[in-house]
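Scroll down for the structure; my scribbles are underneath it.
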Amino acid sequence: MEIVRQAKRIVVKVGTSTLTYQSGKLNIRRIELLTRVLCDLRNEGREVVLVSSGAVGVGMGKLGLTEKPGDIRGKQAVAAVGQSELMCLYDRMFAEYGNTAAQILLTKDIVDTPKRKENAINTLNTLLEWGIIPVVNENDSISSDELEFGDNDTLSALVAELVDAELLVV
């Protein structure tokens, strides 16, 4: 428990089931609670990165789809709709508590290419130094494979490594 209390740089990962109802519609209460807790940590002087799933689920809910599209093109399009909706909500809710959010979308080639990885690290570190809460997700709209990182649990571990986080909460 002492590690949790003393951690200055924290990565928090949330999944689609935390952010949405079974119907795919947004669970506003949970998202509001999540943003409030993260803002409180930020206001306490900690640096916080949010790794957020949910783009496909939110996109399906917004489009009224009951099933995930069967092809990659459809999944990418649904993710584009959902990512936009999700970031709009995060931006509004973080702002309500006096914090700024920034969107970072990663693909595996970014972390596999030294210069692109350095750019990602520099951007994340600068945002954290400026007191901004990065919201990270895989860039599902342009990923060539359905899940390049495997899942966002893997992505969150990678992000924690990129920013030298002292704590990862999944």
Side-chain angles (χ1 to χ4, degrees), residues 11-35 38 48-95 99-128 132-163 165 168-170:
V11 174
V12 176
K13 184 266 179 185
V14 292
T16 303
S17 63
T18 300
L19 304 172
T20 63
Y21 292 104
Q22 293 268 347
S23 66
K25 297 291 185 186
L26 290 168
N27 186 329
I28 303 295
R29 187 175 337 128
R30 279 195 184 156
I31 296 171
E32 194 274 332
L33 178 59
L34 170 68
T35 55
L38 295 180
V48 179
V49 178
L50 173 61
V51 176
S52 177
S53 298
V56 173
V58 171
M60 288 177 56
K62 183 165 185 169
L63 296 171
L65 302 177
T66 56
E67 293 181 15
K68 227 186 248 188
D71 62 333
I72 294 295
R73 287 175 32 165
K75 289 175 189 168
Q76 290 170 323
V78 168
V81 170
Q83 188 64 38
S84 174
E85 181 79 2
L86 201 51
M87 274 312 299
C88 181
L89 185 61
Y90 279 137
D91 188 56
R92 262 194 333 258
M93 288 194 169
F94 280 122
N99 285 272
T100 301
Q103 177 177 256
I104 301 287
L105 296 174
L106 297 176
T107 53
K108 192 143 179 25
D109 67 310
I110 289 171
V111 295
D112 288 342
T113 307
K115 184 62 179 168
R116 297 182 96 193
K117 181 178 180 179
E118 179 185 341
N119 290 339
I121 291 169
N122 290 339
T123 300
L124 286 162
N125 283 329
T126 300
L127 291 169
L128 290 169
I132 296 168
I133 300 172
V135 179
V136 181
N137 195 2
E138 182 168 358
N139 194 344
D140 296 323
S141 296
I142 64 163
S143 294
S144 57
D145 297 321
E146 185 176 355
L147 295 169
E148 288 189 357
F149 286 106
D151 59 27
N152 276 355
D153 290 350
T154 303
L155 177 59
S156 66
L158 178 66
V159 169
E161 182 181 316
L162 291 175
V163 300
L168 170 60
V169 179
V170 178

Taking the side chain as every heavy atom from C-beta outward, state whether [X] and [Y] have any atom pair closer than 4.5 Å.
{"X": "Met60", "Y": "Thr20", "result": "no"}
{"X": "Leu38", "Y": "Asn99", "result": "no"}
{"X": "Lys68", "Y": "Val78", "result": "no"}
{"X": "Phe94", "Y": "Leu50", "result": "yes"}
{"X": "Ile28", "Y": "Met93", "result": "yes"}
{"X": "Leu168", "Y": "Val159", "result": "no"}
{"X": "Ser53", "Y": "Lys13", "result": "yes"}

Please report the shortest heavy-atom distance between [X] and [Y], naming the atom on each side.
{"X": "Thr16", "Y": "Gly57", "result": "CG2-CA, 4.1 Å"}
{"X": "Lys75", "Y": "Val56", "result": "O-CG2, 4.3 Å"}
{"X": "Ile110", "Y": "Leu105", "result": "CD1-O, 4.1 Å"}
{"X": "Leu162", "Y": "Lys117", "result": "CD2-CE, 3.5 Å"}
{"X": "Ser52", "Y": "Asn137", "result": "O-CG, 3.1 Å"}
{"X": "Gly54", "Y": "Leu19", "result": "CA-CD1, 4.4 Å"}

Chi angles and distances behind the side-chain contact (heavy atoms from CB on, under 4.5 Å) call for Asn139, Gln83: CA-CA 9 Å; Asn139 194 344; Gln83 188 64 38; over 6 Å; no
Approximate separation, where rounding is to 0.5 Å, of [X] [atom1] and [Y] [atom2]:
{"X": "Leu158", "Y": "Lys108", "atom1": "CG", "atom2": "NZ", "result": "8.0 Å"}
{"X": "Leu106", "Y": "Arg116", "atom1": "CG", "atom2": "CZ", "result": "10.0 Å"}
{"X": "Ile133", "Y": "Asp91", "atom1": "CD1", "atom2": "CG", "result": "11.0 Å"}
{"X": "Thr100", "Y": "Leu127", "atom1": "OG1", "atom2": "CG", "result": "10.0 Å"}
{"X": "Ile31", "Y": "Arg29", "atom1": "CD1", "atom2": "CZ", "result": "11.5 Å"}
{"X": "Ile121", "Y": "Thr126", "atom1": "CD1", "atom2": "OG1", "result": "11.5 Å"}

When you measure from the side chain of Asn122 to the backbone of Glu118, do you find a donor-acceptor pair of N or O atoms at a distance under 3.5 Å?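 Between the backbone of Glu118 and the side chain of Asn122 there is a qualifying donor-acceptor contact (under 3.5 Å).
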Quick check against the 3.5 Å criterion: does Ser156 have a side-chain atom that pairs as donor or acceptor with the backbone of Asp153?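 Flag set: sc Ser156 to bb Asp153 pair under 3.5 Å.
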Apply side-chain contact (heavy atoms from CB on, under 4.5 Å) to residues Asn27 and Thr18 and explain how you reach the verdict. CA-CA 8 Å; Asn27 186 329; Thr18 300; over 6 Å; no
Is it the case that over 12 heavy atoms from other parts of the model lie below 6.0 angstrom from the CD atom of Glu161? no
Could you walk me through whether Arg30 and Val14 pass side-chain contact (heavy atoms from CB on, under 4.5 Å), step by step? CA-CA 11 Å; Arg30 279 195 184 156; Val14 292; over 6 Å; no
